[in-house]
K.L.:
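For reference, the structure I am asking about is given below.
One-based numbering, in listed order, for ligands and for the atoms of each. What you see is a predicted model, and the numbers here were worked out from it, not measured in a lab.
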Amino acid sequence: MPPADAPLESILFHADQIAARVRELAEMITEDVRRDELGELAVVVVADGAIVFAADLIRAIPAPLRLHTVKMNSYGARLTSSGEVRLIGPAPEVRGRDVLIVEDILDTGLTLGTLRTLLVDAGATSVRTAVLLDKPSGRRRPYSAEYVGFTCPDAFVVGYGLDFDGLYRNLPHIGELRRDLR
Ligand code: IMP
């Protein structure tokens with residue numbers, strides 16, 4: 001079996017570092033839920049990329065929560081000026097709920113901007129966002145997440161849920177993909 005980092009040019013965030021930061025984010029979220037006396041959280045996970053992050057994050061949050069997954073179709077969003085992103089399937093039932101969106105990476109801001117608007121329109125009481133990575137250099141629409149794991153350099157990264165053409169989501173570390181694999 002090849003080593004877990006074999007497809008990576010370089011590792012930007014090691015598995016241990018990610019695990020420690022995810023626990024810190026969970027503590028921050030738990031503290032905010034307690035302080036703001038929120039009821040049951042509706043956790044909205046942007047599939048497929050955020051599944052790995054969400055699986056670790058929610059298990060470190062002891063507050064009551066319900067899990068929802070959404071899929072967003074961002075086909076062409078990076079290539080066209082329209083930047084159109086759409087929800088695939090029905091919107092989650094979040095009326096009167098305090099929502100926590102969980103996303104792998106905040107890049108252009110188009111996906112999260114669209115999703116947040118949609119959840120507010122669906123009647124969410126509050127919407128907060130947790131992203132593992134923030135790539136501020138990619139922003140095309142202003143968006144700031146309340147909980148950010150790491151600031152990511154302007155590079156295409158894979159691992160820990162992040163893919164290239166559907167692959168590499170299972171790598172435990174996050175890093176740049178080897179040039180010969182792109
Ligand atoms: P945004 O709408 O550009 O903010 O898009 C966020 C989505 O783009 C993420 O959910 C990822 O699927 C994808 N994405 C952006 N940057 C990367 C990257 O470096 N690696 C893998 N996927 C990325």
K.L.:
Using non-hydrogen atoms of the residue, decide whether K135 is closer than 4.0 angstrom to ligand 1.
P.N.:
yes
K.L.:
Between R141 and L112 (side chain of the first, backbone of the second, donor and acceptor by atom type, cut-off under 3.5 Å), is there such a pair?
P.N.:
no
K.L.:
Quick one: list whatever passes salt bridge (Lys or Arg N to Asp or Glu O under 4.0 Å) with D121, sequence neighbours left out.
P.N.:
none
K.L.:
Among L8, D165, L167, which residue satisfies the side chain to side chain contact (heavy atoms under 4.5 Å, CB included) criterion with V158?
P.N.:
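The option that passes is L8.
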K.L.:
Quick one: does ligand 1 sit under 4.0 Å from the side chain of A155, the backbone, both or neither, non-hydrogen atoms only?
P.N.:
backbone
K.L.:
Using heavy-atom distances only, which candidate in V46, D107, I105, T114 approaches atom 11 (C) of ligand 1 most closely?
P.N.:
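Residue with the shortest heavy-atom distance to the ligand atom: I105.
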K.L.:
Polar-atom distance check: G109 versus ligand 1, any N or O pair below 3.5 Å?
P.N.:
yes
K.L.:
Please check whether E103 reaches ligand 1 - meaning an N/O of the residue sits under 3.5 Å from an N/O of the ligand, judged on distance alone.
P.N.:
yes
K.L.:
Just checking R95: does its CZ atom have more than 12 heavy atoms from other residues, nucleotides or ligands closer to it than 6.0 angstrom?
P.N.:
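No.
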K.L.:
Answer side chain, backbone, both or neither: which part of D163 comes under 4.0 Å from ligand 1, heavy atoms only.
P.N.:
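Only the backbone of D163 comes within reach of ligand 1.
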K.L.:
Would the distance check show the side chain of R182 and the main-chain N or O of L177 forming a donor-acceptor pair, the cut-off being under 3.5 Å?
P.N.:
yes
K.L.:
Starting at CG of L119, measure out to OG1 of T125 and round the result to the nearest 0.5 Å.
P.N.:
11.5 Å
K.L.:
Do the ring planes of F13 and F150 sit parallel (below 30°), tilted (30 to 60°) or perpendicular (above 60°)?
P.N.:
parallel
K.L.:
Just to be sure I read this right, does ligand 1 sit under 4.0 Å from the backbone of L162, its side chain, both, or neither, counting only heavy atoms?
P.N.:
side chain
K.L.:
Please report whether ligand 1 has a polar contact with V158, defined as an N or O pair separated by less than 3.5 Å (distance criterion only).
P.N.:
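No, no N or O pair falls under 3.5 Å.
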K.L.:
So which of I174, L110, V157 gets nearest to atom 21 (C) of ligand 1, if we judge by its closest heavy atom?
P.N.:
V157
K.L.:
Where the closest heavy atom to atom 3 (O) of ligand 1 is concerned, which of D104, T108, D134, L115 has it?
P.N.:
T108
